[in-house]
Amino acid sequence: MSESPSAAEPQTGERPELKRVMGPGLLLLFVVGDILGTGVYALTGKVAGEVGGAVWLPFLCAFIVALLTATSYLELVTKYPKAGGAAVYTHKAFGIHFLTFLLTFAVMCSGLTSASSASKAFAANFFTAADIDPERGSLLMITALGFMTLIALVNLRGVGESVKANVVLTCVELSGLLIVIGIGAWALAGGDGDTSRLTDFNVPSGESPFGAVTAATALAFFAMVGFEDSVNMAEETKDPIRIFPKMMLTGLCITGVIYVLVAISAVTLVSPEDLNEGATPLLKVVQAGAPGFPLEVFAWITMFAVANSALINMLMASRLLYGMSHEQVLPGPLGRVLRRRRTPWIAILFTTLLAFFLIGYADLAALGGTTAFLLLCVFAIVNVAVLVLRRDRVEHKHFHAPTALPLLGVVLCVYLASPLSGRDSADYKIAGWLMLIGVALWAITWLLNKYVFKRHAEFDPSHIDPSGPVN
């Protein structure tokens with residue numbers, strides 16, 4: 001870093017603008033890279049354990065639900081092309097400070113827990129790929145913290161450098177999935193594999209195939225999230241109104257096809273029972289379909305895949321805080337940017353320190369399902385918000401989602417978030433504790449805004465200029 005915080009731009013009444021560096025290609029890679037990542041590499045086996053050989057079906061269902069919600073995000077991001085994402089849309093639609101803060105907290109937590117978990121996975125994969133057996137757990141912890149520090153430095157340097165790193169990492173993680181698909185196709189062409197498994201359902205006693213599929217879809221949905229992060233990069237995208245719809249929908253379709261093909265390759269080469277054992281299901285697929293393939297190479301690919309997840313999630317979290325600080329939902333200092341780099345340095349430092357805490361003290365093993373649950377709740381609110389905001393007219397043209405799509409999106413998101421989908425009760429317990437923390441933070445922020453910073457906690461959405469910076 002050539003600049004210190006002392007070189008940061010002073011806080012003024014006018015919102016500083018971020019540097020627009022993302023064109024169509026970078027945005028597409030950002031969307032694809034954010035959706036791919038840790039989920040598909042780790043969850044394929046768990047989904048197979050829920051539904052059996054028809055493991056491709058839950059991924060297809062999750063893709064459909066994500067696609068419905070994506071149309072709502074596209075209408076909103078092209079209507080209000082600003083950083084902040086779901087939190088900005090919710091506050092514009094409902095104007096309830098408390099709801100906006102909790103939603104912001106939920107989205108930020110989903111990104112930070114995912115990034116922190118990816119950091120731990122990176123450390124574990126690093127020692128596996130390097131064929132090193134760490135004697136103490138503290139060595140893994142130090143490696144994970146060091147990796148998160150590197151992510152913060154890349155983030156501080158600028159979104160251009162961050163997105164360029166994302167391009168490289170996305171290509172690496174995509175190559176790993178294409179290897180799995182290629183090995184599956186080669187094996188099937190040679191007469192290996194068992195395609196009859198593709199229609200087998202593992203239905204527990206007393207449960208219907210529909211129940212098994214919905215339970216597996218609730219789990220598989222975690223692998224489809226990530227597209228929503230891209231809207232937080234709206235202020236750093238060139239002509240976001242024109243390119244966002246094409247790039248987000250294209251990215252979703254690419255990842256949906258890849259997931260289905262990976263699931264088909266996996267279950268035809270390895271039985272659902274074997275896929276469900278351990279934390280490296282795709283490594284088993286490579287080993288079964290191509291015994292001569294160097295497994296350590298695939299371990300390195302997996303390591304870079306989780307690294308990409310961490311990078312994009314930390315980018316999202318810092319930009320979300322930056323956007324919300326200018327909506328007066330979070331303290332103003334979080335909106336400060338470096339004068340030359342134009343990056344939100346206080347938001348980056350804050351999210352990095354919180355990630356350090358999660359890496360060091362939080363048990364993240366059970367947070368995957370909780371993260372999916374929280375995001376499903378967020379998506380349900382966004383699908384409602386897009387309908388409420390139809391009353392808010394803007395002068396410029398923007399994407400318009402057919403009304404039936406957000407309505408269907410609300411129903412499906414609420415269903416997958418509810419106990420009716422077969423969701424584990426632990427998800428609700430963890431989410432409950434997280435929301436209690438959120439309530440405490442909201443109270444602190446409200447007090448700081450009212451008594452320390454001498455400004456009102458409530459924000460008037462009518463002050464927003466859709467074509468310019470937020471007041």
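Both backbone and side-chain heavy atoms feed into the values below; hydrogens, waters and symmetry mates do not.
Qualifying side-chain contact (heavy atoms from CB on, under 4.5 Å) partners for L261, counting only residues two or more places apart in sequence or in other chains: I181, V257. Judged as a side-chain contact (heavy atoms from CB on, under 4.5 Å), and not counting sequence neighbours, the contacts of A54 are W56, F201. Take Y415 and apply the side-chain contact (heavy atoms from CB on, under 4.5 Å) test, not counting sequence neighbours, and it matches F210, T214, S418, L420, S421. A search for side-chain contact (heavy atoms from CB on, under 4.5 Å) contacts involving A216 returns V47, E50, V51, P58, not counting sequence neighbours. Applying the side chain to side chain donor-acceptor pair (under 3.5 Å) criterion to E75, with sequence neighbours excluded, gives R390.
Rounding to the nearest 0.5 Å gives a distance of 8.0 Å between NZ of K284 and CG of N276.
Summarising the geometry of P81 relative to T78, their closest heavy-atom pair is CD-O, 4.1 Å, with the distance given to 0.1 Å. Closest approach of A106 to M435, counting heavy atoms only: CB-CE, 4.1 Å. When all heavy atoms of I35 and G226 are compared, the closest pair comes out as CG1-C, 4.2 Å.
The shortest side-chain heavy-atom distance between L375 and F222 does not fall under the 4.5 Å cut-off. For the pair Y41 and L283, the minimum side-chain heavy-atom distance is 4.5 Å or more.
By the 30° and 60° cut-offs, the orientation of the rings of H398 relative to H400 is tilted. The aromatic rings of F298 and F293 sit perpendicular to each other, their planes meeting at more than 60°, with 30° as the lower class boundary. Using cut-offs of 30° and 60° on the angle between ring planes, the pair Y89 and Y73 is perpendicular.
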Check residues 376-387 and write down every donor-acceptor pair under 3.5 Å in which the side-chain atom is one partner and the other belongs to a residue at least two apart or another chain.
from, atom 1, to, atom 2, distance (Å)
N383, OD1, S72, OG, 2.6
N383, ND2, T69, OG1, 3.3
N383, ND2, F379, O, 3.1

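Residue V270 is tested with T44, V285, D194 for a side chain to side chain contact (heavy atoms under 4.5 Å, CB included); the sole match is V285.
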